[in-house]
Amino acid sequence: MKGLVLYSSRTGRTRKLARGLYENLKDWDVDIQDIKDKPNIEAYDTIFLGFWAYKATIDPSVEKILDKLKGKDVYVFGTLAYYDDSDHAYRVRTNAIQAVEDHGARCIGSFITMGGLDQARVEAKKQAKRPLKHPLTKASLMRYDLTKDYPTDVDIAYLAEKVNLKLKIMEKSGGDL
């Protein structure tokens, strides 16, 4: 298996998760790249695809490279500015899996965690002149503040454990899950 941890990050949180995953895949032949660097995806058979949630699915920069994933094994992982055990997180995760599979890739796993919200976006919401679709509340402001350092080391360790388990099973089973 030749793998690539490929990620898109708006606030640095998905990058943090991607780097943590990469550092925990030492037993495997894996590289890491930011999607902005336009990597040669064809050189890899397994892609660990990091994204930030955008309108309940993957972000636009990841959307643009989905056609290049055809025939590859893809493990999707992402961050979102909401609870990772919410219905919204479930939709994001399900939509990410579907997007990958709709482009001819095999999704071998998925992971979503809280990633906080860009402070500039919080400030813009505070200054908004018209009603917001998702208004700021005391709870949302607290959530954004308390999750500003997410993902945590626990999130990274859990993702790495899940990915390593899948890779070991695939290695020993000839690619089956």
Exercise for review: Mark yes when over 12 heavy atoms from residues, nucleotides or ligands other than Arg106 sit less than 6.0 Å from its CZ; otherwise mark no.
Suggested key: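 Enclosed: over 12 neighbouring heavy atoms sit under 6.0 Å from CZ of Arg106.
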
Practice item. Determine whether more than 12 heavy atoms belonging to other residues, nucleotides or ligands lie under 6.0 Å from atom CG of Asp153. Key: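 Incorrect, the count does not exceed 12.
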
Quick check: closest heavy atoms across [X] and [Y], and the distance to 0.1 Å?
| X | Y | result |
| --- | --- | --- |
| Arg143 | Thr147 | O-OG1, 2.7 Å |
| Lys26 | Glu23 | NZ-O, 2.7 Å |
| Ala160 | Leu21 | CA-CD1, 3.9 Å |
| Asn95 | Ala56 | ND2-O, 2.7 Å |
| Gly3 | Phe48 | CA-CE1, 4.2 Å |
| Ala96 | Thr57 | N-OG1, 4.2 Å |

Exercise for review: List, by chain and then residue number, the residues other than Tyr90 in its hydrophobic cluster (Ile/Leu/Val/Met/Phe/Trp/Tyr, side-chain heavy atoms under 4.5 Å); write none if there are no others.
Suggested key: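 Listed partners: none, Tyr90 stands alone.
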
Can you tell me how far [atom2] of [Y] sits from [atom1] of [X], rounded to the nearest 0.5 angstrom?
| X | Y | atom1 | atom2 | result |
| --- | --- | --- | --- | --- |
| Leu66 | Ile41 | CG | CD1 | 9.0 Å |
| Leu49 | Cys107 | CG | SG | 9.0 Å |
| Leu167 | Ile108 | CG | CD1 | 6.0 Å |
| Arg93 | Leu80 | CZ | CG | 11.0 Å |
| Asp155 | Lys16 | CG | NZ | 8.5 Å |
| Asp84 | Met114 | CG | CE | 6.5 Å |

Check the hydrophobic clustering (I, L, V, M, F, W, Y; side-chain heavy atoms under 4.5 Å; chains of links allowed) and say if [X] and [Y] are grouped together.
| X | Y | answer |
| --- | --- | --- |
| Met1 | Phe77 | yes |
| Leu4 | Phe111 | no |
| Trp52 | Ile112 | no |
| Ile32 | Ile47 | no |
| Val92 | Leu6 | yes |

Review point. Taking C-beta and beyond as the side chain, do Phe51 and Val76 meet within less than 4.5 Å on heavy atoms?
Key: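 They are in contact (side-chain heavy atoms under 4.5 Å apart), so the answer is yes.
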
Practice item. Before giving the answer on side chain to side chain contact (heavy atoms under 4.5 Å, CB included), spell out for Thr113 and Leu159 the whole-Å C-alpha distance, their side-chain angles and the decisive distance to 0.1 Å. Key: CA-CA 9 Å; Thr113 191; Leu159 170 61; over 6 Å; no

Point to revise | Counterpart residues, side chain to side chain contact (heavy atoms under 4.5 Å, CB included), relative to Leu136 (two or more places apart) | key: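 With sequence neighbours excluded, Leu136 shows a side chain to side chain contact (heavy atoms under 4.5 Å, CB included) to Lys125, Lys126, Ser140, Leu141, Tyr144, given in chain and number order.
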
Review point. Of all residues at least two apart in sequence or in a different chain, which pass the side chain to side chain contact (heavy atoms under 4.5 Å, CB included) check with Lys2?
Key: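 Asp29, Asp31, Tyr44, Asp45.
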
Point to revise | By salt bridge (charged side-chain N to carboxylate O under 4.0 Å, His left out) - contacts of Asp145 (at least two apart) | key: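 By the salt bridge (charged side-chain N to carboxylate O under 4.0 Å, His left out) rule, Asp145 matches Lys148.
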
Review point. Just by modelled atom types, is the Ile35 backbone N or O under 3.5 Å from a matching donor or acceptor in the Lys38 side chain?
Key: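 Pair absent, no side-chain N/O of Lys38 close to backbone of Ile35.
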
Check your understanding: So Tyr82 and His88, would you call those rings parallel, tilted or perpendicular, with 30° and 60° as cut-offs?
Key ->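 If you compare the ring of Tyr82 with that of His88, the planes turn out perpendicular.
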
Practice item. Step by step, work out the side chain to side chain contact (heavy atoms under 4.5 Å, CB included) result for Val30 and Tyr22. Key: CA-CA 7 Å; Val30 177; Tyr22 172 73; 4.1 Å; yes

Practice item. May I have all residue pairs that pass side-chain hydrogen bond (donor to acceptor under 3.5 Å, both in side chains) and include part of residues 162-177, sequence neighbours excluded? Key: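 As it turns out, the side-chain hydrogen bond (donor to acceptor under 3.5 Å, both in side chains) pairs with a partner in residues 162-177, which skip direct neighbours, are Trp28-Asn164.
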
**Study point:** Residue list, side-chain hydrogen bond (donor to acceptor under 3.5 Å, both in side chains) with Gln119, at least two apart or on another chain
**Key:**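 If we apply the side-chain hydrogen bond (donor to acceptor under 3.5 Å, both in side chains) test to Gln119, skipping adjacent residues, the hits are Glu123.
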
